[in-house]
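Worth knowing before you read on, the calculation uses all heavy atoms, side chains too, and leaves out hydrogens, waters and symmetry mates. Given the structure is predicted, the values throughout are model-derived calculations rather than measurements.
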Amino acid sequence: MDNYPVPDNEKGRIKKLELFDLLNLPKDPQLDVFAEAACLIADCPSSLIAIMESEIQTIQSCIGLSLDAVDRKNTLCQYSVASGDVVVINDTLTDSRSSGNSIILEGGIRFYAGIPLIDDEGFVLGTICVIDYKPKTISENQIAALKKIGDAVTQFFLNKRKNIRAEYFQQTFDVSNNLICVIDNEFILKEVNPAFQKLFGIPKNQAVHQSFLTILGEQDASLELRLKNFLQTDEELVFITSTKMDDAAPILIEWYLKQNQNHSGIFCFGINITQRIEERLQLESSERRFRSFFENAIG
């Protein structure tokens, strides 16, 4: 059982950290400027920026101290993470949350102010805190300025991870042998990868702004109905299309469709299963011939 306070949305908070790859991160020198600014605002010699994981606090920037990680139960930041509020302890020796904390006592820390790093969904990712070695107070204006620094740090974390994920997606998008495209809620193509262009023999500038179903050659009313129903859910949609290409045999594609988080677009992933189906039909034909031969041989 946890021996530290946790927010009501703790499970979702940890999932958000996992989703944005914010676990087990090394220190990031780019964050030092925010930690230094916090020191100047609060007139404190030390500042930390940290991500609060399920059991440990990983330090991302550290001014005036040398720390890499701290057990969550030994931090003062746990209270800011649990409440989602600014926590100010003017004298650690007179506050029950810190007076018995061995790390605080051994480090000679007498003042602490922690600012939660809250994302747009209300999850506290971590904290930025300032520390002094003498009791003190800070003004409301200083706290307001620290909150602005905290907002900037939160955005830094989210933007950096989004950019990394976008780069990874783009690499996958470009090199995949499977078909990948993005369509809007009217099923109009917004983006297609090279594999899509190659299979359908249509360059990107001609494919975008066209109907997804038109390019596939699908005019199936039941499929259109399934697509419209799909827009009302968060479920994945799977279906197979058959596209006639000139005089060649039809191309069979197994499609997987999933809406993005805000339902503003649909990601489509297609696998060419034509050869797989042909091989299966050939196998079934061979099995039928063998079964016929076997039955005649017995007769």
Side-chain angles (χ1 to χ4, degrees), residues 12 15-21 120-121 158-159 161-288:
K15 286 184 179 179
K16 187 63 175 285
L17 294 179
E18 292 174 350
L19 178 65
F20 277 83
D21 299 321
D120 52 4
E121 294 183 293
L158 297 181
N159 287 344
R161 307 323 288 183
K162 284 179 180 178
N163 290 339
I164 290 174
R165 293 173 66 199
E167 290 175 5
Y168 174 76
F169 175 80
Q170 189 63 52
Q171 291 172 1
T172 304
F173 189 84
D174 290 338
V175 304
S176 176
N177 291 323
N178 292 309
L179 286 68
I180 305 176
C181 61
V182 180
I183 60 178
D184 63 17
N185 291 334
E186 299 296 326
F187 312 117
I188 302 299
L189 284 162
K190 310 302 290 183
E191 185 66 83
V192 296
N193 76 331
F196 187 103
Q197 300 173 55
K198 181 178 179 181
L199 182 67
F200 290 105
I202 181 171
K204 175 181 174 180
N205 62 346
Q206 294 181 21
V208 295
H209 305 310
Q210 287 200 46
S211 167
F212 176 61
L213 294 179
T214 298
I215 288 185
L216 297 183
E218 287 289 337
Q219 303 299 327
D220 188 340
S222 63
L223 176 57
E224 292 183 11
L225 179 61
R226 288 182 66 192
L227 286 168
K228 289 180 180 178
N229 292 335
F230 159 75
L231 292 176
Q232 310 305 317
T233 73
D234 289 317
E235 301 298 322
E236 183 180 63
L237 176 63
V238 181
F239 59 88
I240 296 175
T241 60
S242 175
T243 303
K244 183 71 174 177
M245 303 294 292
D246 299 326
D247 296 328
I251 296 174
L252 302 177
I253 302 172
E254 188 171 48
W255 290 98
Y256 297 82
L257 272 61
K258 182 71 176 178
Q259 295 190 78
N260 63 4
Q261 288 185 340
N262 59 10
H263 289 204
S264 62
I266 304 168
F267 294 103
C268 311
F269 185 84
I271 302 174
N272 187 346
I273 61 172
T274 307
Q275 184 175 355
R276 186 198 311 171
I277 297 298
E278 290 177 352
E279 291 173 349
R280 189 180 73 185
L281 292 175
Q282 290 174 3
L283 179 60
E284 290 175 350
S285 176
S286 297
E287 288 176 343
R288 285 195 299 269

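For residues 262-274, there are no salt bridge (charged side-chain N to carboxylate O under 4.0 Å, His left out) pairs, not counting sequence neighbours.
Counting all heavy atoms, side chain and backbone alike, Phe187 lies closest to Lys228 at CZ-N, 4.2 Å. Of all heavy-atom pairs between Leu257 and Cys268, the closest is CG-SG, 3.7 Å. When all heavy atoms are compared, the tightest approach of Leu216 to Phe200 is CD2-CZ, 3.4 Å. Residues Ala195 and Asn178 approach most closely at CB-O, 3.3 Å, considering heavy atoms. In plain terms, the two heavy atoms of Ile253 and Gly270 that are nearest each other are CG2-CA, 3.9 Å. The heavy-atom pair separating Gln259 from Leu231 by the smallest distance is NE2-O, 3.3 Å.
For the atom pair CG of Leu189 and OG of Ser211, the computed distance is 7.5 Å after rounding to the nearest 0.5 Å. In this structure, CG in Asn177 is found 9.5 Å from CG in Asn193, a value given to the nearest 0.5 Å. Distance check, rounded to the nearest 0.5 Å: CD1 of Ile183 to CZ of Phe267 gives 11.0 Å.
For the pair Gln197 (side chain) and Lys204 (backbone), a donor-acceptor distance under 3.5 Å is present.
Just one of Phe230, Phe269, Phe212 meets the ring-ring contact (aromatic ring centres under 6.0 Å, His included) condition when paired with Trp255; it is Phe212.
In Lys198, the NZ atom is not crowded: 12 or fewer heavy atoms of neighbouring residues, nucleotides or ligands sit closer than 6.0 Å. The environment of CD in Gln206 is crowded: more than 12 heavy-atom neighbours from other residues, nucleotides or ligands sit within 6.0 Å.
A heavy-atom distance below 4.5 Å is found between the side chains of Leu213 and Leu227. A heavy-atom distance below 4.5 Å is not found between the side chains of Glu191 and Ile180.
Shown here are the salt bridge (Lys or Arg N to Asp or Glu O under 4.0 Å) partners of Glu121, two or more places apart in sequence or in another chain: Lys16. Annotation: side chain to side chain contact (heavy atoms under 4.5 Å, CB included) contacts of Asn272 (sequence neighbours excluded): Leu199, Ile251, Thr274.
Side chain to side chain, Thr233 and Asn229 fail the donor-acceptor criterion of an N or O pair below 3.5 Å.
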